[in-house]
J.: 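Before we start, here is the structure in question, set down as structure tokens.
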Amino acid sequence: MSDKTITRFAPSPTGWIHVGNLRTALMNYLIARKAGGEFILRIDDTDPVRSKEEYVDGIKRDLDWLGLHWDRVERQSLRIEKYHEAAQELRDMGRFYEAFETPTELDLKRKKQLNMGKPPVYDRAALALSDDEKDALREERGSGVWRFKLVHERIVWNDGILGDVSIDGASVSDPVLIRGDGQILYTLASVVDDTEMGVTHVVRGSDHVTNTGTQIQIMQALGGTVPQFAHHSLLTGPQGEALSKRLGALALKDLRAEGIAPQALLSLMSRLGSSDPVELRTEMQTLIDGFDISRFGSAPTKFDAEDLKPLTAHYLQTLALEDVADDIRALGVPDDQAARFWSVTRENITTLHDLEGWWKMFSEGAEPAIEDEDRAFIAQAMALLPEGAFTDDTWGTWTAVVKEETGRKGKGLFMPLRKALTGQAHGPDMSAVMPLLQVVKARG
Ligand code: GLU
């Protein structure tokens, strides 16, 4: 066996992936790339009803957009045979048993246990069933579920983020690995895949810690090598509120549509929850070189989607005209105005979508914002606007004349003029804006 680092991102294609998934994908990606290893995209699609091809495509599109390129794709739905073989092995060694309780019965058992102050762990009643009793139950209720029989001892591992973890096997219910309808659950499929694909590192959310305990026992039963596990904390909202319900609203495809830059997302997610500061990183290689999973803490990580905006704005400021030329041309900006347009707008946008508003303003004119007390002043100033093409000097010469004629100066001079021409109190340097406004003139 080689000592090559192999990681995987293993989403279930039952929905759009969100910032929480991105954290998992990114960490696994960075570990593989930093070690010169392999990054597998594994589609956990053993649920034929909830898995959708449109989500598989969506996952690939999102990862592509972020530049998290995978070395190969695996699909669990194409490997079902292997999971059945593993299930048979577990049966043969007496570690797999069929159970027939209905959800209502299980619920009742749990409530009784809780009432008696006991942990709600499956009582293994099915282990006592004779073959005849099982036949009768199968006849009555159809196939049962298949549970893996845990060894009741402490399961320990050294977690890449949590440090030493120890779970009492007796405190966990024997996990169901095959459902009554025959569907293999990812708990088993994942163990088979991780073992067979030689996965060396598994990073996932801390909601999987108990799964990890049971999966370690399944791996050991099947003779697999246990990978290095790391469980990152879950994201919360800015106030520490659970994010789970809102995660749908933080789908990567929606952030993309909003104009958030992938570089902003990657910069934030590769550092958030770690002891290193969040800084804009525009090169993937810098993220790879600077990644260290041991810098991440176990406390819930606050995430505020608003933080993506200044990072996106900052990123856009680093772009040269050629990087955005297509976007600018698509707005209808004439090529000979593109450089000026970009230099005037780049520091006054949050996302590229904002360019549209600026171009609309320059090309169609803004709705002037004029205070009542400024009306006469503006009328007078407009009459003094020079004839012909506006240049870089127009603002300077014009405002000097207006100052001379009206006696206004400073803010009282410049602000009403800016607002009359752009409709806004803030924005780019007016000297640079004037020649762009002239585009309107030239068009008549
Ligand atoms: N499909 C599982 C999930 O998305 C994979 C968990 C894992 O990484 O093992 O929760």
Side-chain angles (χ1 to χ4, degrees), residues 7 9-12 15-31 34 59 62-63 65-68 159-165 201-212 229-284 286-317 350-351 353:
T7 67
F9 172 50
S12 304
W16 307 109
I17 55 171
H18 47 67
V19 285
N21 304 119
L22 165 59
R23 201 150 180 247
T24 310
L26 180 60
M27 288 184 176
N28 284 294
Y29 173 86
L30 293 174
I31 288 174
K34 189 161 185 175
I59 289 164
D62 290 340
L63 293 180
W65 171 63
L66 290 158
L68 301 181
D159 194 280
I161 293 175
L162 304 176
D164 287 329
V165 180
H201 296 69
V202 173
V203 183
R204 52 187 184 179
S206 53
D207 49 339
H208 281 292
V209 167
T210 308
N211 284 341
T212 297
F229 280 101
H231 296 83
H232 59 70
S233 64
L234 298 184
L235 297 179
T236 71
Q239 259 70 53
E241 70 275 24
L243 206 59
S244 47
K245 285 202 191 68
R246 283 187 46 223
L247 276 178
L250 295 168
L252 299 181
K253 75 168 176 52
D254 296 333
L255 295 173
R256 176 168 65 240
E258 266 178 51
I260 296 302
Q263 292 77 3
L265 256 172
L266 295 173
S267 298
L268 185 65
M269 299 318 276
S270 65
R271 284 289 175 84
L272 201 66
S274 81
S275 44
D276 294 317
V278 173
E279 291 157 337
L280 177 69
R281 295 280 183 244
T282 55
E283 298 298 325
M284 187 65 90
T286 321
L287 291 183
I288 295 170
D289 296 340
F291 183 72
D292 179 357
I293 197 150
S294 69
R295 312 280 290 167
F296 285 79
S298 58
T301 301
K302 287 191 178 137
F303 171 80
D304 188 348
E306 285 300 307
D307 293 342
L308 294 167
K309 292 183 180 165
L311 280 167
T312 296
H314 186 177
Y315 169 69
L316 293 177
Q317 286 168 23
T350 304
T351 73
H353 294 333

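Since the model is a prediction, treat every value here as computed from it, not as a measurement.
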J.: CD1/I260 to CH2/W65 distance, rounded to the nearest 0.5 angstrom?
T.: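 One gets 7.5 Å once the value is rounded to the nearest 0.5 Å.
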
J.: Kindly compute the distance separating OG1 (T210) from NE2 (H231), expressed to the nearest 0.5 Å.
T.: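 Nearest 0.5 Å value for the OG1-NE2 distance: 9.0 Å.
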
J.: Rounded to the nearest 0.5 Å, what separation is found between the CZ atom of R23 and the CZ atom of F303?
T.: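 CZ of F303 is found 10.5 Å from CZ of R23.
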
J.: Inspect the surroundings of NE2 in H208 and state if more than 12 heavy atoms from other residues, nucleotides or ligands are less than 6.0 Å away.
T.: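 Yes.
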
J.: When rounded to the nearest 0.5 angstrom, what distance separates CG in L63 from OH in Y29?
T.: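 Nearest 0.5 Å value for the CG-OH distance: 10.5 Å.
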
J.: Measuring only between side-chain heavy atoms, which start at C-beta, is L68 closer than 4.5 Å to M284?
T.: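 Side-chain contact under 4.5 Å: yes.
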
J.: Please report the shortest heavy-atom distance between N21 and F9, naming the atom on each side.
T.: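 Where N21 meets F9 most closely, the heavy atoms are O-CE1, 3.6 Å.
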
J.: Quick one, L265 and L252 - any side-chain contact, counting heavy atoms below 4.5 Å?
T.: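 Side chain of L265 against side chain of L252, heavy atoms only: contact under 4.5 Å found.
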
J.: Decide yes or no on side chain to side chain contact (heavy atoms under 4.5 Å, CB included) for V278 and L311, but give the supporting numbers first.
T.: CA-CA 10 Å; V278 173; L311 280 167; 4.2 Å; yes

J.: Please examine the side chains of H232 and T301, heavy atoms only from C-beta on, and report whether any two atoms are closer than 4.5 Å.
T.: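 Heavy-atom side-chain distance check fails, nothing below 4.5 Å.
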
J.: Examine distances only and state if a side-chain atom of S267 and a backbone atom of R281 form a donor-acceptor pair shorter than 3.5 Å.
T.: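 Checking the backbone N and O of R281 against the side chain of S267, a donor-acceptor pair under 3.5 Å is found.
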
J.: Side chains of T312 and T351: donor-acceptor distance under 3.5 Å anywhere?
T.: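 Side-chain D/A pair, T312 to T351: absent.
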
J.: Just verifying a value: how many Å separate L272 CG and L235 CG, rounded to the nearest 0.5 Å?
T.: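 Between L272 CG and L235 CG, I get 7.0 Å after rounding to 0.5 Å.
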
J.: Do other residues, nucleotides or ligands put more than 12 heavy atoms under 6.0 Å from K309 NZ?
T.: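 Check fails, neighbour count at 12 or below.
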
J.: Looking at N28 and V203, would you say the former's side chain and the latter's main chain have a donor-acceptor pair under 3.5 Å?
T.: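 Pair found, side chain donor or acceptor close to backbone of V203.
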
J.: For the residue pair P300 and L234, establish whether any side-chain heavy-atom pair is separated by less than 4.5 Å.
T.: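 They are not in side-chain contact.
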
J.: Within a reach of under 6.0 Å around NZ of K302, are more than 12 heavy atoms found that belong to other residues, nucleotides or ligands?
T.: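 No, not enclosed.
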
J.: State the CG-NE2 distance between L250 and H18, to the nearest 0.5 angstrom.
T.: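 Here the rounded value is 8.5 Å.
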
J.: Check salt bridge (Lys or Arg N to Asp or Glu O under 4.0 Å) between E258 and all other residues, then give those that pass, not counting sequence neighbours.
T.: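 Partners of E258 under the salt bridge (Lys or Arg N to Asp or Glu O under 4.0 Å) test: none.
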
J.: Taking side-chain contact (heavy atoms from CB on, under 4.5 Å) as the test, write out the residues that go with S298, two or more places apart.
T.: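 Listed in chain order: L162.
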
J.: Any non-hydrogen side-chain atom of V209 less than 4.5 Å from a side-chain atom of D159?
T.: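 V209 vs D159: side chains apart.
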
J.: Tell me, do L26 and F291 make a side-chain contact under 4.5 Å, heavy atoms counted?
T.: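 No, their side chains stay 4.5 Å or more apart.
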
J.: I'd like to check I17 versus L22 (side-chain heavy atoms, cut-off strictly below 4.5 Å). Are they in contact?
T.: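 No - every pair of side-chain heavy atoms lies 4.5 Å or more apart.
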
J.: Among residues at least two apart in sequence or on other chains, which ones pass side-chain hydrogen bond (donor to acceptor under 3.5 Å, both in side chains) with S275?
T.: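 Listed in chain order: nothing, the list is empty.
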
J.: Do you know the tightest heavy-atom contact between S294 and D292?
T.: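 Distance-wise, the nearest heavy atoms are OG-OD1, 2.8 Å.
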
J.: Side chains of M27 and T7, heavy atoms from C-beta outward: is any pair under 4.5 Å?
T.: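 No, side chains not in contact.
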
J.: Kindly say whether Q239 contributes a backbone atom to a donor-acceptor pair with the side chain of E241 at under 3.5 angstrom?
T.: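 Present.
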
